[in-house]
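Computation of the quantities below employed the complete heavy-atom set of this structure, encompassing side-chain atoms and omitting hydrogens, waters and symmetry-equivalent molecules.
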Amino acid sequence: MEYNFSKLEPKWQKYWEENKTFKTNDDFSKPKYYILDMFPYPSGAGLHVGHPEGYTATDILSRYKRMKGFNVLHPMGYDAFGLPAEQYAIQTGTHPATTTQKNCDNFRRQIKKIGLSYDWDREINTTDPKYVKWTQWIFKQLYNTWFDKDLKKGRPISELPIPEDIKAAGKKAVQEYIGEKRLAYYDNAQVWWCDSCKTVCANEEVLTDGSHEKCGHQVIRKNLKQWLLRIPHYAERLLEGLDDLDWPAGVKDMQRNWIGKSTGAEVDFEIDGLNKKLKVYTTRPDTLFGATYMVIAPEHELVNEIVTGDKKEAVENYIKTAALKSDLDRTDLAKEKTGVFTGRYAINPVNNKHIPIWVADYVLMGYGTGAIMAVPAHDTRDFEFAKEFNIPVICILDPKEAEEREAILSGNKCWTEDGEYINSASEKTGLNINGLNKSAGIKKTVTWLAEKGIGKATDNYKLRDWLFSRQRYWGEPFPVIHWEDGEVTLVEDNNLPLQLPELEKYTPGESGESPLSNAEEWLNVTDKNGRKGRRETNTMPQWAGSCWYYLRYIDPHNEESIFDVEKEQYWMPVDLYVGGAEHAVLHLLYSRFWHKVLYDLGIVSTSEPFQKLFNQGMILAFAYETATGAKVASDLVEEREGKYYHTETGEELRQIVAKMSKSLKNVVNPDDVIDKYGADSLRLYEMFMGPLDERKPWAENGVKGVYNFLNKAYYFFANTNNIVDGEEDKETIKLLHQTIQKVEHDIENLKFNTGISALMVFNNLAKKKGKVTRQTAETFAKILAPYAPHLAEELWSIYGNNKTLAYEPWPEVDESLLKENTHQYPVSFNGKMRFKLELPLDMPKDEIEKTVLANENAQKWIGDKTVRKFIFVPKKIINVVVG
RNA sequence: GCCCGGAUGGCGGAAUUGGUAGACGCGCUGGAUUCAAAAUCCAGUUCCGGCAACGGAGUGUGGGUUCGAUUCCCACUCCGGGUACCA
């Protein structure tokens, strides 16, 4: 009776498929549970061992919830637009759809081999025209929505009030006005361009080192006409919404940081000799008295007016140089501060002092107002700049006990912490905040500014408009036509989806033309009046399809609408969403934004899409490096007595943990693992490796470990000679119920590693006992089922059941069996455990004390010392303090 | 720099609200089985000393609170992730 997984597993996979065991019905009478995986990009390389990690976790929970009586929605699909298929098309001429189809088929085959309980009738694919139709439809909703700042919500563009003066200016002005309000708009934008991918990319896709997230090449700035989405309108809503979500704190933090809210004030400065005001944004209006100069960004619109005659040349040169610099150079912190004086002065409103206006590239046009007031005494950047250019430094916060107080007070050192205000009063203007603390100082100054009409409290966000178009072929076409008279119209709903044209060549243009501009026939359109137009040639980014896929699973075949209203109300929100942390600010922020727009429009019923989020940790691999840190491919490493050596040079190597990579030859393919050990072993090992949310290295010996467990479990539980009738042994039934409880608790908390350990412990005991009752065996099969479903189904059928155990009720824990009458107490002396003593749980404390102190073992530890204290914690510990 | 996370045997990792550190698995050691090996089974396995009983040390480092700290507090080191002239 051998554990023949290679026969047993396909048998049950076939059974599940033929019986549609995991087909989800929209039975609204049952409690629902929507459990979602981040769907994969079907790459040509096939599944990586990282995929089954999250997928197994959600599968265990799905199977468990079904047994608990829930109606479970657990679907799978493919995020199939993307560059690799297109690049392959450029090289070989194969249509990306063909490559994509092939890869999806391979992914499906691999996923099915793991025995995951998806409802395959709900499979979706973002490249499917039936899906694209609704992605384009959502784009149209975004285009036709404006954000009402008073109501703090998106509203249909038809409800946008048009000011009278705009109306009076004519149709074109009205169209322009509306265009400025739409959540999706087409305009010139300073964008990130990847010269390797020949496409633009979003801020979120540019890594810290200025490289493109997809390919690693440095991105550059370009000015191109692009589609953008006004996600900053939703900044506050996206921020507030985080509070009620059951998400990892780290991901919430990352989103908060990315949104980057800061609270401060806008202040208008008069410009000496110019009838204009210079508006700055500051988080510290209370430090106005310390403002000794101002800085405007080189791109600031007032630069040319501010600069005085004799400084014109110097300023122009500086602006030119700044424009040539790459953004990476400009934002390099190590760089020395540069800047030029404009020759003009602003008037500090709190004390009427004239302060010089400088142009410097450390002030960015994209944040705040592109102009700052500089307070060198209390801002390190301003201090650096002031020292470089000999600008006065006025200390306005007394550092009190600080070591270098004198240096700070005299303006020779920067002080960025709090203190009491000094030098912060002016008889001319009547403002005095001396002696106040920070919050009072801010409050008083802002009130004063507001009363004078020269400033007001404002919030600022780092979040920028989302660049939403790409110069690629393999993406959703925008349902947009640009007409020769300048009008822009959208493709009618009944003409959606707007499908991609067939192309001979997929190569993008050198300077940012999409490959679609080659599709003459598709491109040019004429309306019924003979007016000519061109279709939009950009396509949507890959994020578009993944922004809303969780909604389509609810009703994937609906051709009439995006989904059925009742079904959406039943299934949403997603109860648990599992995936990698790399999407913390990309997909997860974009999705939330779209969802909130759809919510405002009354299309979805929840304000947030994903109630609970869980990030699985990355699966790494052991790798080897020489003493100098050079990496060595795994096939050149041999192990001798626990040490590692280079097979060619004989050099001793160090074992490290690193990402799996082709070059290190340590990539693990799930297919190989399944062939060798079976799907249940793969599932079990990935869950047994360690906590789901931590990164951990793959070790094949670990797979052998769980394989041994399954082998032993099969050997014992599949042997009907070991399964008897009658009453269960006391120790066995007690452990069984402890195990049910532990496994249940651990599944609910996604702590699968310890749940598996509990199953192993029970298996070890059963084997030792040699016999269990049929009821025990069936219970064991049930609690094993979420983890190792193939083996569990096999055992279940061996016990004579002729239908799947997928919907068998989860075993109830019999609390009475878990009750203890005695407890084995560890007895400690001065905190050090010395011996154990079994005592009744109902024994009163004083009697326990007597019993313990009278104990022979205890006497040895007390000796001639005095018992100072006796600590007794019921069901925990006894500690005797002697001395 | 700032924000988050982590550090426990030879290895992956366990340890409800502070209460027996090292569950479970791997590896290793010894034994059984075998002509032999693999597989399997049994026993042992934190380190140091000891045949053992047992004793001492021990959860990155240094300090603190406590009868008692892997767990709480303070200061640091190292590793991972995010982010950065954001005013």
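- Within the 4.0 Å cut-off from OP1 or OP2 of B/G56, at least one side-chain nitrogen or oxygen of A/R834 is found.
- Taking 3.5 Å as the limit, the base of B/C67 and the side chain of A/N879 contain a donor-acceptor pair of atoms between them.
- An OP1 or OP2 oxygen of B/U16 is reached within less than 4.0 angstrom by no side-chain nitrogen or oxygen of A/K751.
- Here the C1' atom of nucleotide B/C4 and the CH2 atom of A/W258 are 16 Å apart, to the nearest Å.
- Here the P atom of nucleotide B/A87 and the CG atom of A/D286 are 14 Å apart, to the nearest Å.
- Considering only side-chain N and O atoms, A/N708 lies nowhere under 4.0 angstrom from the phosphate OP1 or OP2 of B/A39.
- In the set B/C41, B/A87, B/C85, B/A87 carries the atom at the smallest distance from any side-chain atom of A/I372.
- Applying the 4.0 Å criterion to OP1 and OP2 of B/G12, one finds that A/N701 has every side-chain N and O outside that range.
- Pairing of B/U77, defined by two Watson-Crick or G-U wobble distances under 3.5 Å, is identified with B/A7.
- Across all strands shown, B/U33 forms no Watson-Crick or G-U wobble pair with both distances under 3.5 Å.
- Between A/K869 and B/C67 there is a side-chain N or O to OP1 or OP2 distance below 4.0 Å.
- The separation between A/W861 atom CH2 and B/G55 atom P is 4 Å, rounded to whole Å.
- Between B/G82, B/U20, B/A87, one nucleotide has an atom nearer to the side chain of A/T283 than all others, and that is B/A87.
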Return a table of donor-acceptor pairs under 3.5 angstrom between the side chains of residues 697-706 of chain A and protein atoms on other chains or two or more places apart.
{"unit_1": "A/E700", "atom_1": "OE2", "unit_2": "A/K676", "atom_2": "NZ", "d": "2.8"}
{"unit_1": "A/E700", "atom_1": "OE2", "unit_2": "A/Y677", "atom_2": "OH", "d": "2.8"}
{"unit_1": "A/N701", "atom_1": "OD1", "unit_2": "A/K704", "atom_2": "NZ", "d": "3.3"}

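- As the counterpart of B/C28, B/G44 is assigned, both hydrogen-bonding distances of the Watson-Crick or G-U wobble pattern falling under 3.5 Å.
- Here the nucleotide nearest the side chain of A/V363, chosen from B/G12, B/A87, B/U20, is B/A87.
- Rounded to a whole Å, the CD atom of A/E694 is 10 Å from the P atom of B/U8.
- Residue A/K836 has its side chain nearest to B/U20 when only B/U20, B/C24, B/A14 are considered.
- With a cut-off of 3.5 Å on both pairing distances, the Watson-Crick or G-U wobble partner of B/G1 is B/U83.
- Taking only distance into account, the side chain of A/K876 meets the base of B/U17 through a donor-acceptor pair shorter than 3.5 Å.
- Going from the P atom of B/G44 to that of B/G25 covers 13 Å, rounded to whole Å.
- Put simply, CG on A/D693 is 12 Å from P on B/G5, counting in whole angstrom units.
- Residue A/K832 has no polar side-chain atom (N or O) positioned under 4.0 Å from OP1 or OP2 of B/C67.
- In this entry the distance linking CG of A/N830 with P of B/A57 reads 12 Å, nearest Å.
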